[in-house]
Amino acid sequence: MKIYRSLKAVQIALRANDITCLSLTQSYLKRISEQQQLNAFLEVYEEEALASAQVVDDKLKLGTAGRLAGMVIGIKDNICYKGHNLSAASKILDGFTSMFSATVIERLLSEDAIIIGRLNCDEFAMGSTNENSAYGAVSNPFNTKYVAGGSSGGSAAAVAADLCLASLGSDTGGSIRQPASFCGVMGYKPSYGRVSRWGLIAYASSFDQIGPFTHNAEDAALLMEVMAGSDEHDSTCSEKAVPKYSQKLTNDKTYTIGYIKETLESPALDYEVKIHILDKIKQLKASGHNVLALDFPYLDYVVPTYYILTTAEASSNLARYDGVHFGHRSADAKDIPSTYANSRTEGFGEEVKRRIMLGTFVLSAGYYDAYYNKAQKIRRLLLNKTQSIFEKCDFILSPTSPHTALEIGKTYHDPTQLYLEDIFTVHANIVGIPAVSLPTGIHSNGMPFGIQLMAPAFKDDELLAISNQIMNMK
Ligand code: GLN
């Protein structure tokens, strides 16, 4: 069957009776079984997806189908779907079944999306290569020796390899944008508070957001329109009205786009990625946009600030996995201390343990002021600086990642090097602004890479509109 890369194309084919949701779903299931070496899916909901496809086909005949009819979607294995297993790619949640569905899942289903399976990721969304998954790394569809990125590696690879039309990931410090960059798809992290986190397994609650992976801005905008908006279950979710993102894409506004000089001067930046950004700047100017060079003297602080604050939040969020409430309990649990200690020792992977310990350390009496409190102050400083930048420009342009996908197994044993990978992406999460990675580059090594754009908080509509413009630039 022909491969479809937009919901619009799928819906045209459905209307023309070229395909049905059932035949479309069957073709995705076939591709999934042919591409198992990617290790993108942890579970495929084969029968259920076929049954939902049939229901959507019936609704289409009656004219009662929702806006996402024909959208076959995969979900990251940290988003609850009632009655389905959920593991956050961790052994500690072995055998756990969700008792309710995340708000985003309810909203997707209410518009007739077809959920095809749950996708591999780094354990508890901690990582940049998907190698921290208890179920193994995800291979990059462009070259299986390379990682798909992380933590939402399965979500990026599945869309890139056409195993589903779109997918959901979560982004705490770049986990949607970086794998999107590595796999050549669009990855969108909404403003903090735009999309409900209810039903998302928490890593760092003041950073986490759910967002879509797609091939284009139209599909991202429609998914955002369906998912965003207030939720009684999540008090951090904004009450602001949700604009009709999908209808605001065709503006031909000219914008002022700033780029941070320090990001292009970073010694870690691949030369071809740098040249690509400089070319994009020229292209944006040629299309009538203003481009501005900006100073951002705090670039060296973003990664340490991110890792202090997120590990602190993680140490608290992950305290609930104790061998009593959820999932794995050690066979060696004799009393309360041995239940906790042995279940956590056996259930958590190395990176998750490292972060829980780091977070516990930065929150401990005696170190709280030196680390946690100081990082909170830097968070405020970064917010103020970012707001002052947005007085001068509409968007900030940068690379998404310093380079293309890493080789599997190469950096796995060097956590500090991996933390530095997040240099361009964590900024948006620290200050709560929306950010996107757009798949505009192909490196001479054959691998894709993206550019990142960030916008002021709740300017998701403008960010999606400029994304659409850039994706359609030749
Ligand atoms: N790579 C980052 C980390 O390891 C981002 C993770 C994320 O966004 N969930 O924390």
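Just so it is clear, the values below take in all heavy atoms, side chains as well, and ignore hydrogens, waters and symmetry mates. What you see is a predicted model; the values in this text were computed from it and never measured. Note that ligands are numbered from 1 as they come in the structure, with each ligand's atoms numbered from 1 the same way.
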**Q.** Cation-pi check, R354 onto F361 ring (under 6.0 Å, within 45° of axis)
**A.** no

Q) In this structure, which one of L406, D422, V147 forms a side chain to side chain contact (heavy atoms under 4.5 Å, CB included) with S128? A) D422

Q. Is it true that Y306 lies under 4.0 Å from ligand 1, counting heavy atoms only?
A. yes

Q) Would you say ligand 1 has an N or O under 3.5 Å from any N or O of G150? A) no

Q: Measure Y203 to ligand 1 on non-hydrogen atoms and call it side chain, backbone, both or neither using the 4.0 Å cut-off.
A: side chain

Q: Could you tell me whether K261 and D295 make a salt bridge, using a distance below 4.0 angstrom between a side-chain N and a carboxylate O?
A: yes

Q. If you count the atoms of ligand 1 from 1 in the order shown, which ones are under 4.0 Å from a heavy atom of D171?
A. 8 (O)

Q.
Within the 4.0 Å heavy-atom shell around A125, which atoms of ligand 1 are there?
A. 6 (C), 7 (C), 9 (N)

Q. What is the ring orientation for F124 with F348, classed by angle as parallel under 30°, tilted 30 to 60°, or perpendicular over 60°?
A. perpendicular

Q) Which bit of S151 gets closer than 4.0 Å to ligand 1, counting heavy atoms only: side chain, backbone, both or neither? A) side chain

Q) Between E123 and K91, does at least one N-O distance fall below 4.0 Å, as a salt bridge requires? A) no

Q) Honestly, is K385 close enough over F296, meaning NZ or CZ under 6.0 Å from the six-membered ring centre and within 45° of the axis? A) no

Q: Among all protein heavy atoms, pick the one closest to atom 1 (N) of ligand 1 and tell me residue, atom and distance.
A: S128 OG, 2.8 Å

Q: Tell me, please: is Q178 in heavy-atom contact with ligand 1, that is, under 4.0 Å?
A: no

Q: Could you tell me the residue and atom name of the protein heavy atom closest to atom 7 (C) of ligand 1, and the distance to it rounded to 0.1 Å?
A: S175 OG, 2.4 Å

Q | Region of E351 engaging ligand 1 - heavy atom pairs below 4.0 Å | A | neither

Q.
Show the atoms of ligand 1 that are less than 4.0 angstrom away from any heavy atom in G173.
A. 5 (C), 7 (C), 8 (O)

Q) Which bit of D422 gets closer than 4.0 Å to ligand 1, counting heavy atoms only: side chain, backbone, both or neither? A) side chain

Q) Does any N/O atom on R355 come nearer than 3.5 Å to any N/O atom on ligand 1? A) yes

Q | Numbered atoms and elements of ligand 1 in range of Y307, under 4.0 angstrom, heavy atoms | A | 2 (C), 3 (C), 4 (O), 10 (O)

Q. Taking 4.0 angstrom as the limit, do K410 and E407 come out as a salt bridge?
A. yes

Q) Which word best sums up how the rings of H233 and W198 line up, parallel for under 30°, tilted for 30 to 60°, or perpendicular for over 60°? A) parallel

Q | Salt-bridge criterion met for R118 and D77 (N-O under 4.0 Å) | A | yes

